Amino acid sequence: MARPFEVTTVESKWQARWLDEGTYEVDNDDPRERFYALCMYPYPSGTAHQGHIRNYTFGDLLVRYQTMLGKAVLSPFGFDSFGLPAENAAIKAGSHPRLFTDARMKELKSSVRRLGAVYDWRREVYSHDPNYMKWAQTIFLAFWRAGLAYRAEAPVNWCPGCATVLANEQVNADGTCDRSGDLVERRNLEQWFFKITDYAEELLNDIDTLEWPERVKTMQRNWIGRSEGVEFDLPFAHQPDKALRVFTTRPDTGFGVTYAVVAPEHPLLAELTTNDERRQVNQLVERAVSASELERTASSDAGAGLEKRGAFTGSFVINPFTKAQVPVYVADYVLGTYGTGAIMAVPAEDERDFAFASVHGLPVVRTTEPPEGFEGGAYSGEGAHINSGFLDGLDVATAKLKAAEYLAEHANGVTKVNYRLRDWLVSRQRFWGCPIPMVYCDDDGLVPVPEDQLPVVAPDDVTMDKSGQSPLATHEGFRNTTCPVCGKPARREADTMDTFTDSSWYFLRYADPFTPGKAFDPVEAAKWMPVDQYIGGIEHAILHLLYARFYLKALVDVGIAPGLPREPFKRLFTQGMIRLAGSKMSKSKGNLIAPEKYYETVGADGLRLFHLFVGPPADDVDWTAQTEEVIEGCARFIDRFYRLAEYDEVNFHESFDDSDLAVRQALHRTIARVTEGFERWSYNTAVAAMMELLNTVSKWARSEHGAERTTLDEAIDTMLKLLAPMAPHITAEMWEQRHAAEPSVHLQSWPVADPELVKEETITMVIQINGKVRARLEVPVATSEADAERLALENEIIQTALEGATVKRVVARPPRLVNIIV
RNA sequence: GGGGGCGUAGCCCAAUUGGCAGAGGCAAGGCGCUUAAACCGCCUCCAGUGAGGGUUCGAGUCCCUCCGCCCCUACCA
């Protein structure tokens, strides 16, 4: 494509200048109104892919736009540089993850630079920077001191492929590893946890205060999974002073309890199991405990439809409502990690219990009257209580209260809130992560590494393999140390932290990486926090966003971030993903379209314009055969604008007339449209408005009558400003050509539309008869209802059309429309 | 099984949130420029909004049912 300017020359010139002049560096004491724009901390996987490009295009537009609005805009960048891919790649290549990672970082940095995205590089953060690790470890220790970090044995998700423990969030629904795809196993291991459950209630409640996409908020609420119910005792039939404690959200269905179930991990299971049943029970437990999540949970389709495996324990408990003895089963559909690990089973009102009861031939007693014609198994809806003694006739809500009261009196019942959310497992048996700064001493037990000895940095000469042990555990030089308390030989913790810990506070470090001796100064960070606009992918809707929210709350509470707002991200925007032939474009799928080739042809500006124009930013983008042509179309638009701004083939006339006024009106209406488009994430319509304006101006200026000089100048200059956040290079270049003595277009103020010019004087009013358009006429915008009706009825075409008909009603909606009903 | 989203021209998308279905782009066709082609400029063509029903003077927009595609979630008692 022949272009009227040298794309690469122009673009690299401005990229260098923005960097050299520190155009987008901001100081913490900047007096302007503040704006914190942030794109999600990227994992450095190499050169940018289209998903990155899309992300940073939106982010950069915002940075430049908000700057032109007169704000001090914080625009930082950095790298989520710890993590498995680098470690695995290093193992494969026999090199060190740092070499690998540093190279990938360099590539990504160069990609975003070539995109023309601008940052305050003085604030760069990367996770494997010892200077960042130091504070990551300081935070860990602060959590430990506050009781928010603890060590416990737990059945954990073990990925044999990655040779490490995974968080629940990293296990797919089908029981495979989110990263490697291997089938995840369950193992009991000592692990480090963060007590995120302490914050469950606050994390849930504060969701209401966030300007986030509704679906992300819903996902977080579901993940936290709060449920209210009653915990109470089911006394053992053979030994009534002991009891099985259960949790239920439906105490009102207590009369329908026909059996009870304990999880395979339940501590009382052995005691409950009679000799006759022991063999069967053991068999089930063995299978359930060692089986992978996949085998245990997801089989064919879904939840309630699963095969319900279980075995009778041989024991009975007493239903406190009916005093009847009901059998106790062990079954893997009851989870040891939720509630009390045991349930009362009500097959009539719970689908899972119903399924189990059907398989095992257990009785079903309805306690809620299902609606007439109900044909399903379990009915969990609203209805009057039946077969329920003192609860009979009550609705569900009332019966719940009564039943809870009854259980409080007769079965040690207490109302209880449970959460689906579990504590965050943060330890990893891997090398390429931030070491957990703890020491094991035979005499003093667990001892934190003194803060003046931080950071604990892993040595380079480590053997990384897939044995399953932390690579650091076998490095004697690292492992052996002395106890900070007693000075005797001791061993270092060999596990590293989940990389989600790194991305949970990096945005605070960005806000103030300058104050020595601190992760960040809370007063300085408070100048920027919370992030005004966070931009990233929907894939982080749960994990990263929940952890970061937890971190900030905890940091405030442990005294590291006093005075900061408790929520990190005020507004969140989740961009759509790029798909190629129907599937998500990603490195792991190997279906990337690299942006590099576009830098040579359409330039970064052309590519940016494409991403802005292709559709609503929140929608997915289909990368199709036609995409190339659309991208070229975007470059064509830039070229057309460039030629027009050279006044190529333009005619001029002397004094300002109506044609010039019309252009000024179009210009100012476009200012309004583009501004509105920017404010409501409608970049595609903002670009369309610019294209439309270019068509209008071009037609006018190249007509025989031509343009009035100052009007054309105003139009071009304003268009340059409007386009500056979208296509920053060429607008900077053109602005410099026109106004060499003035500051850059990027330092100009964002244009403000003149309301007088935006305002329409007259508008076409449509006259309908029975909803069909019959006539149109130009009316003043301020036309009253009465006038509109009169004008419509007086209209000749309408009068003819109405001949012989009776007007039943006239709906006048001036100035747009009048509808005459006959 | 649960939750959410989407469906407008051959294609990507607009539509002041209930008021003339079309802003923009791509493709296609035509004309001009050119020795010719590309580039460039100008012009033209194209749907009644997935299907059906309802509310309304009026529905792409609100409400039901169905179809298709996509995403999230999954035995949490």
Side-chain angles (χ1 to χ4, degrees), chain A residues 1-4 173-174 213-216 218-219 221-223 225-227 229 246-250 261 296-299 301-306 308 331-335 337-346 349-353 355-356 418-422 538-539 541-542 576-577 579 582 584 610 613-616 618-622 624-634 636-637 639-640 643 648-649 673 676 682 684-695 698-699 702 764-773 776 808-811 813 816-821:
Chain A
M1 192 170 23
R3 308 205 55 180
D174 64 356
E214 215 39 61
R215 66 182 183 134
V216 175
T218 303
M219 283 160 84
R221 287 190 191 102
N222 292 343
W223 191 261
R226 181 184 200 274
S227 62
V246 295
F247 172 74
T248 182
T249 56
R250 291 294 303 272
V261 187
R296 178 161 169 187
T297 61
S299 69
D301 274 323
L306 286 177
K308 290 289 183 280
D332 58 7
Y333 82 95
V334 171
L335 307 174
T337 49
Y338 182 80
T340 61
I343 61 156
M344 63 175 220
V346 189
E349 275 90 32
D350 183 285
E351 272 186 66
R352 300 152 301 185
D353 296 344
F356 188 84
N418 271 321
Y419 299 91
R420 218 187 74 114
L421 181 71
R422 306 296 149 82
I538 188 77
E539 65 272 19
I542 298 172
M577 56 184 187
R579 19 168 118 253
K584 182 184 173 170
F610 163 76
F613 181 62
V614 66
D619 287 9
D620 290 350
V621 177
D622 270 308
T624 65
Q626 209 174 50
T627 299
E628 296 294 330
E629 284 156 348
V630 177
I631 293 174
E632 276 170 30
C634 289
R636 193 147 54 224
F637 161 73
D639 294 351
R640 291 181 60 209
R643 290 195 194 95
D648 184 32
E649 291 177 44
R673 284 169 70 188
E676 197 208 326
S682 184
N684 51 326
T685 58
V687 175
M690 290 306 298
M691 290 173 164
E692 190 181 349
L693 179 64
L694 177 63
N695 290 343
S698 159
K699 215 166 283 183
R702 286 174 174 145
T764 307
M765 185 170 77
V766 171
I767 307 168
Q768 300 178 327
I769 295 175
N770 288 341
K772 273 193 176 161
V773 178
R776 297 155 209 275
K808 285 196 198 135
R809 187 180 162 191
V810 178
V811 182
R813 291 283 177 278
R816 302 237 172 244
L817 167 145
V818 175
N819 191 6
I820 301 163
I821 316 303

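Numbered from 1 within each chain, the chains take letters A, B, ... in sequence-line order. Atoms considered below: every heavy atom in the structure, side chains included; atoms not considered: hydrogens, waters and symmetry mates. Just so you know, these numbers come straight off a predicted model, no measurement behind them.
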Sorted by chain and residue number, the side-chain contact (heavy atoms from CB on, under 4.5 Å) partners of Gln768(A) (sequence neighbours excluded) come out as Val766(A), Val773(A), Leu817(A), Asn819(A)
Nearest 0.5 Å, please: how far is [atom2] in [Y] from [atom1] in [X]?
| X | Y | atom1 | atom2 | result |
| --- | --- | --- | --- | --- |
| Met691(A) | Arg636(A) | CE | CZ | 9.5 Å |
| Thr685(A) | Met690(A) | OG1 | CE | 12.5 Å |
| Arg702(A) | Arg643(A) | CZ | CZ | 8.5 Å |
| Asn770(A) | Lys808(A) | CG | NZ | 7.5 Å |
| Ile343(A) | Asp350(A) | CD1 | CG | 6.5 Å |

Would you indicate which nucleotide in [options] comes nearest to any side-chain atom of [X]?
| X | options | answer |
| --- | --- | --- |
| Glu629(A) | A27(B), C71(B), A77(B) | A27(B) |
| Ala688(A) | C26(B), G24(B), C72(B) | G24(B) |
| Arg816(A) | G19(B), A77(B), C75(B) | G19(B) |
| Met691(A) | U16(B), G25(B), C42(B) | G25(B) |
| Arg215(A) | A77(B), A74(B), G4(B) | G4(B) |

Taking the [atom1] atom of each, how far is [N] from [M], in whole Å?
| N | M | atom1 | answer |
| --- | --- | --- | --- |
| C63(B) | A21(B) | P | 22 Å |
| C13(B) | G53(B) | C1' | 29 Å |
| G3(B) | U65(B) | P | 12 Å |
| A28(B) | C69(B) | P | 30 Å |
| A15(B) | U56(B) | P | 28 Å |
| G50(B) | G68(B) | P | 16 Å |
| G48(B) | U8(B) | C1' | 9 Å |
| C43(B) | G52(B) | P | 37 Å |

In B/S/- notation (B base, S sugar-phosphate only, - none; protein heavy atoms under 4.0 Å), nucleotides 6-13 of chain B written 5' to 3' is ----BBSS
Is any side-chain N or O of [X] closer than 4.0 Å to OP1 or OP2 of [N]?
| X | N | answer |
| --- | --- | --- |
| Arg673(A) | A14(B) | no |
| Asn695(A) | A23(B) | no |
| Lys699(A) | C43(B) | yes |
| Arg640(A) | G41(B) | yes |

Validation row: [X], [Y] side chains within 4.5 angstrom (heavy atoms):
| X | Y | value |
| --- | --- | --- |
| Phe637(A) | Phe613(A) | no |
| Arg816(A) | Thr764(A) | no |
| Thr218(A) | Val216(A) | no |
| Tyr338(A) | Thr340(A) | no |

Glycosidic torsion of U17(B) (syn if within 90° of 0, anti otherwise) classifies it as syn
With syn defined as a glycosidic angle within 90 degrees of 0 and anti as anything else, the base of G7(B) is anti
Listing time: all N or O pairs from protein to nucleotides 53-57 of chain B that are below 3.5 Å?
from: C57(B); atom 1: OP1; to: Arg809(A); atom 2: NH1; distance (Å): 3.0
from: C57(B); atom 1: O2'; to: Asn819(A); atom 2: ND2; distance (Å): 3.3
from: C57(B); atom 1: O2; to: Asn819(A); atom 2: ND2; distance (Å): 2.7

Quick one: [X] [atom1] to [N] [atom2], roughly how many Å, whole number?
| X | N | atom1 | atom2 | result |
| --- | --- | --- | --- | --- |
| Asn222(A) | C71(B) | CG | P | 19 Å |
| Arg420(A) | U73(B) | CZ | P | 9 Å |
| Arg3(A) | C40(B) | CZ | P | 10 Å |
| Leu694(A) | A23(B) | CG | P | 17 Å |
| Lys808(A) | G58(B) | NZ | P | 11 Å |
| Ile631(A) | C26(B) | CD1 | C1' | 12 Å |
| Arg250(A) | C75(B) | CZ | P | 20 Å |
| Glu632(A) | G24(B) | CD | C1' | 18 Å |

In terms of the angle between their ring planes, are Tyr333(A) and Phe356(A) parallel, tilted or perpendicular, with boundaries placed at 30° and 60°? tilted
Lys/Arg N to Asp/Glu carboxylate O, Glu692(A) vs Arg673(A), below 4.0 Å: yes
Item to complete: State, without any angle test, whether Arg226(A) and Asn418(A) hold a side-chain donor-acceptor pair at a distance under 3.5 Å.
Response: no
What protein N or O atoms touch nucleotides 60-63 of chain B N or O atoms at under 3.5 angstrom, if any, and at what distances?
none

Between [X] (side chain) and [Y] (backbone), is there a donor-acceptor pair under 3.5 Å?
| X | Y | result |
| --- | --- | --- |
| Asp619(A) | Gly576(A) | no |
| Ser698(A) | Asn695(A) | no |
| Asp353(A) | Val346(A) | yes |

Contacts of Phe610(A) meeting ring-ring contact (aromatic ring centres under 6.0 Å, His included) (sequence neighbours excluded), chain-then-number -> Trp623(A)
Read 5' to 3' with Watson-Crick or G-U pairs under 3.5 Å, [ ] for crossing pairs and | for partners on another strand, RNA chain B gives (((((((..((((.....[..).))).(((((.......))))).....(((((..]....))))))))))))....
Which part of the nucleic acid, if any, lies within reach of Gly339(A) when heavy atoms closer than 4.0 Å are counted: base, sugar-phosphate only, or nothing?
nothing
For Ser682(A), answer base if it contacts any base atom (sugar-phosphate contacts may also be present), sugar-phosphate if it contacts only those atoms, and nothing otherwise; contact means non-hydrogen atoms under 4.0 Å. nothing
